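Data block below; observations after.
None of these values were measured; they are calculated from a predicted model.
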Amino acid sequence: MSDDALPHDPSWPRAGGWPAIDAVDGALDAALVGLGTHATSISPTAAHGTPAAVRAALRRSSPHAEGADAAALRIADAGDAADPDGDEPAAAALVARAAARARLVLALGGDNAATVPAALGAWGERIGTAGLITIDAHHDLRDGRSNGSPVRRLLEAGLDGRRVVQIGIQDFANSDAYARRAAEAGITVVRRDACEEASMREIAARAIAAAGAAGGPVHVDVDVDACDRAVAPGCPASVPGGLSAWQLRQLVRALASAPEVTSIDFTEVDASADAPDGRTVRLVAVCVLEALAGLASRPPASAA
C-alpha cells in the first residue's frame, strides 16, 4: 500500500520514510541499509525484494512505544547494496559507512548470507573482540557459501566461537554434524525449549554477557525462520513450533537496549512468498521498530 492510500492524521505520525543518509548532517542514532542477498540460497528465494517490502510495511506503524519513543531518534536510510551477493566487500563498505555515522545499523535482508557483510562491515578491524548473537532455528555452519554458512564464514574470518550465542535452535532443523561443529567451536546454544523456561529479557542478558565478554561490538542476526511457521510463512525454512511473534519482538527490543549491540540484521524473509496479509514482512517491520525502541531506551552515552 502506497503512502497516498494510507489514512493521514497529523497527530499519528508514521514510521519509516526516513531521509537518505547523505541528506542528513552529523551523527545519527540509527541507519538502515538494504542487503538483498538471495543468489546463494539453498532454497529458491526472491529475498532481494524484501528490503523494499519492509520499508513499505514500516509506514503502517507508528514509531511510538511507551517509555521508548523512536520518534525522537535521528534516523537515516543508507540505501541498498547494489550487488551484495557478487560484491560482498562493497556491501560491507556500505554498512561500515553507516556504522561510522550511527550508534545502531539495521540491515534489511535478503537471505541469511546478508549476515556476513552486515557483521564484517559493522565490526571492521574489531572482529578480534567482536561478538555475535543469532536468533535462528539453524546453526548456519554449513560448508561452502550459502545462506546456511554465515556463522562458519565469520568464524573463519576471525570471530571467536566463544563469543557466539545462538538462540532458538530447533530439533529436526539441524544435523548431528553441525551440532558437534557448534560445540567444538565453543558456541553457546540456547535451544528452542529453553525459550519457554526463562524470560526473553533473561536470555538476552545472558547472551549479551557472553557475546560482549571481550568488550567489542556485538552484531545480532535476526533470522526470522526462528519463528513459528504460522507467523512467518514467508520464511522458506520456518517450521511449526518456533518462537512466537511476541517472543521475537521481546528478544529484539531487549538486545537492542544493550549498548554493546551496534548492528542488527533481519534475514530469511521472501516477501514474494508471504501470506496475503503480509504477516511475515510486517513482523520484520515491527521488529525494526522494536530495535529502535530498545535503542531509545538506552541510557545517555555519558551514563552508559
- Query: Linking Ile, Leu, Val, Met, Phe, Trp and Tyr through side-chain heavy atoms less than 4.5 Å apart, which residues share a cluster with V286?
  - Reply: none

- Flag the pair R103 / L73 as yes when at least one side-chain heavy-atom distance between them is below 4.5 Å, and no otherwise. yes

- Indicate if L155 and V189 have the same hydrophobic cluster label, given that clusters are the connected sets of ILVMFWY residues with side-chain heavy-atom separations under 4.5 angstrom. yes

- Is it the case that H138 and N174 place a side-chain donor and acceptor less than 3.5 Å from each other? no

- Answer yes or no: is there a side-chain heavy-atom contact under 4.5 Å between M200 and C195? yes

- Message: Would you say that D136 contacts Q166 through its side chain, given a criterion of any heavy-atom pair below 4.5 Å between the two side chains?
- Response: no

- Are L251 and I203 side-chain neighbours, meaning at least one heavy-atom pair lies under 4.5 Å? yes

- Can you find a pair of side-chain heavy atoms, one from L58 and one from W18, that are under 4.5 Å apart? yes

- Query: Honestly curious: do V220 and L283 fall in one hydrophobic cluster under the side-chain, below-4.5 Å linking rule?
  - Reply: yes

- Message: Let me confirm one number: the CZ-OG distance from R14 to S61, rounded to the nearest 0.5 Å.
- Response: 8.5 Å

- Message: So, taking the atom named CH2 in W12 and the one named CG in L6, what distance separates them when rounded to the nearest 0.5 Å?
- Response: 8.5 Å

- Query: Is the side chain of T50 donor-acceptor paired with the backbone N or O of V269 at a distance under 3.5 Å, no angle test?
  - Reply: yes

- Query: In the single-linkage hydrophobic clustering (I, L, V, M, F, W, Y; side-chain heavy atoms under 4.5 Å), do V105 and L292 co-cluster?
  - Reply: no

- Report yes if the side chains of V222 and L248 come closer than 4.5 Å at any heavy-atom pair, otherwise no. yes

- Roughly how far, to the nearest 0.5 Å, is OG of S146 from CZ of R152? 8.0 Å

- Message: With side chain to side chain donor-acceptor pair (under 3.5 Å) as the criterion, how do H64 and D69 come out once you've worked through the C-alpha distance, each side chain's angles and the decisive distance to 0.1 Å?
- Response: CA-CA 5 Å; H64 173 72; D69 199 334; 3.0 Å; yes

- Message: For the backbone of A122 and the side chain of R126, can you confirm whether one donor and one acceptor N or O come within less than 3.5 Å of each other?
- Response: yes

- Task: Identify the two heavy atoms, one from G79 and one from L94, that lie closest to each other, and give their separation to 0.1 Å.
- Result: O-CD2, 4.0 Å

- Sequence neighbours excluded - salt bridge (Lys or Arg N to Asp or Glu O under 4.0 Å) pairs with any residue from residues 275-289: D277-R279

- Note on the structure: In this structure, CD1 of I21 is separated from CG of D25 (nearest 0.5 Å) by 11.0 Å

- Backbone N/O of G128 and side chain of D160: donor-acceptor pair under 3.5 Å: no

- Note on the structure: Of all heavy-atom pairs linking V261 and L255, the shortest is CG2-O, 3.2 Å

- Query: Rounded to the nearest 0.5 Å, how far does CZ of R142 lie from OG of S175?
  - Reply: 7.5 Å

- Query: Is the backbone N or O of S238 less than 3.5 Å from a side-chain atom of R229, with the two atoms forming a donor-acceptor pair by type?
  - Reply: yes

- Any idea which heavy atoms bring Y178 and D143 closest together, and the distance? OH-N, 3.9 Å

- Just by distance, do the side chain of T45 and the backbone of A47 share a donor-acceptor pair under 3.5 Å? yes

- Any donor and acceptor pair, going by atom type alone, linking the side chain of E268 with main-chain N or O of N112 inside 3.5 Å? yes

- Salt bridge flag under 4.0 Å for residues R153 and D140: no

- Item | Test log, rule side-chain contact (heavy atoms from CB on, under 4.5 Å), inputs V239 and Q170 | CA-CA 9 Å; V239 299; Q170 296 198 34; 3.0 Å; yes

- Message: If hydrophobic clusters are built from ILVMFWY residues whose side chains come within less than 4.5 Å, do I169 and L159 share one?
- Response: yes

- Inter-residue atom distance R253.CZ - L289.CG, 0.5 Å rounding: 9.5 Å

- Can Q250 and R201 be said to form a side-chain contact (heavy atoms from CB on, under 4.5 Å), step by step? CA-CA 7 Å; Q250 286 183 308; R201 290 182 180 85; 4.0 Å; yes

- Quick one: do T37 and D85 satisfy side chain to side chain donor-acceptor pair (under 3.5 Å)? Show the steps, please. CA-CA 5 Å; T37 51; D85 287 301; 4.8 Å; no

- Donor-acceptor contact present, side-chain S199 to main-chain E202, <3.5 Å: yes

- Stepwise salt bridge (charged side-chain N to carboxylate O under 4.0 Å, His left out) test for R298 and E260: CA-CA 11 Å; R298 293 183 187 180; E260 295 90 338; over 6 Å; no

- Message: Contact between I135 and L243 at the side-chain level, heavy atoms closer than 4.5 Å - yes or no?
- Response: yes

- Please determine, by modelled atom types, if T267 and D223 share a side-chain donor-acceptor pair under 3.5 angstrom. no

- Message: I'd like to check L108 versus D80 (side-chain heavy atoms, cut-off strictly below 4.5 Å). Are they in contact?
- Response: no

- NZ/NE/NH1/NH2 to OD/OE distance under 4.0 Å, R191 and E196: no

- Query: Which heavy atom in A15 sits nearest to a heavy atom in P63, and how many Å separate them?
  - Reply: N-CD, 3.8 Å

- Nearest heavy atoms of A293 and A68, plus distance in Å: O-CB, 3.2 Å

- Keeping the roles fixed (side chain from R101, backbone from A30), state whether a donor-acceptor pair exists under 3.5 Å. no

- Query: Under 4.5 Å between side-chain heavy atoms, hopping through other hydrophobics if needed: is there a path connecting V33 to V288?
  - Reply: no

- Message: Under 3.5 Å, is there a donor on one side chain and an acceptor on the other for T280 and D274?
- Response: yes

- Does atom CZ of R145 have more than 12 heavy-atom neighbours from other groups under 6.0 Å away? yes

- Would you check if the side chain of S244 reaches a backbone N or O of Q247 as a donor-acceptor pair within less than 3.5 Å? yes

- Message: Tell me if the CD atom of E125 is crowded by more than 12 foreign heavy atoms within 6.0 Å.
- Response: no

- Quick one: does D265's side chain have a donor or acceptor within less than 3.5 Å of a partner on A118's backbone? no

- Task: Indicate yes or no: does D29 engage R74 in a salt bridge with an N to O separation below 4.0 Å.
- Result: no

- Note: G34 and P51 closest approach over all heavy atoms is CA-CB, 4.2 Å

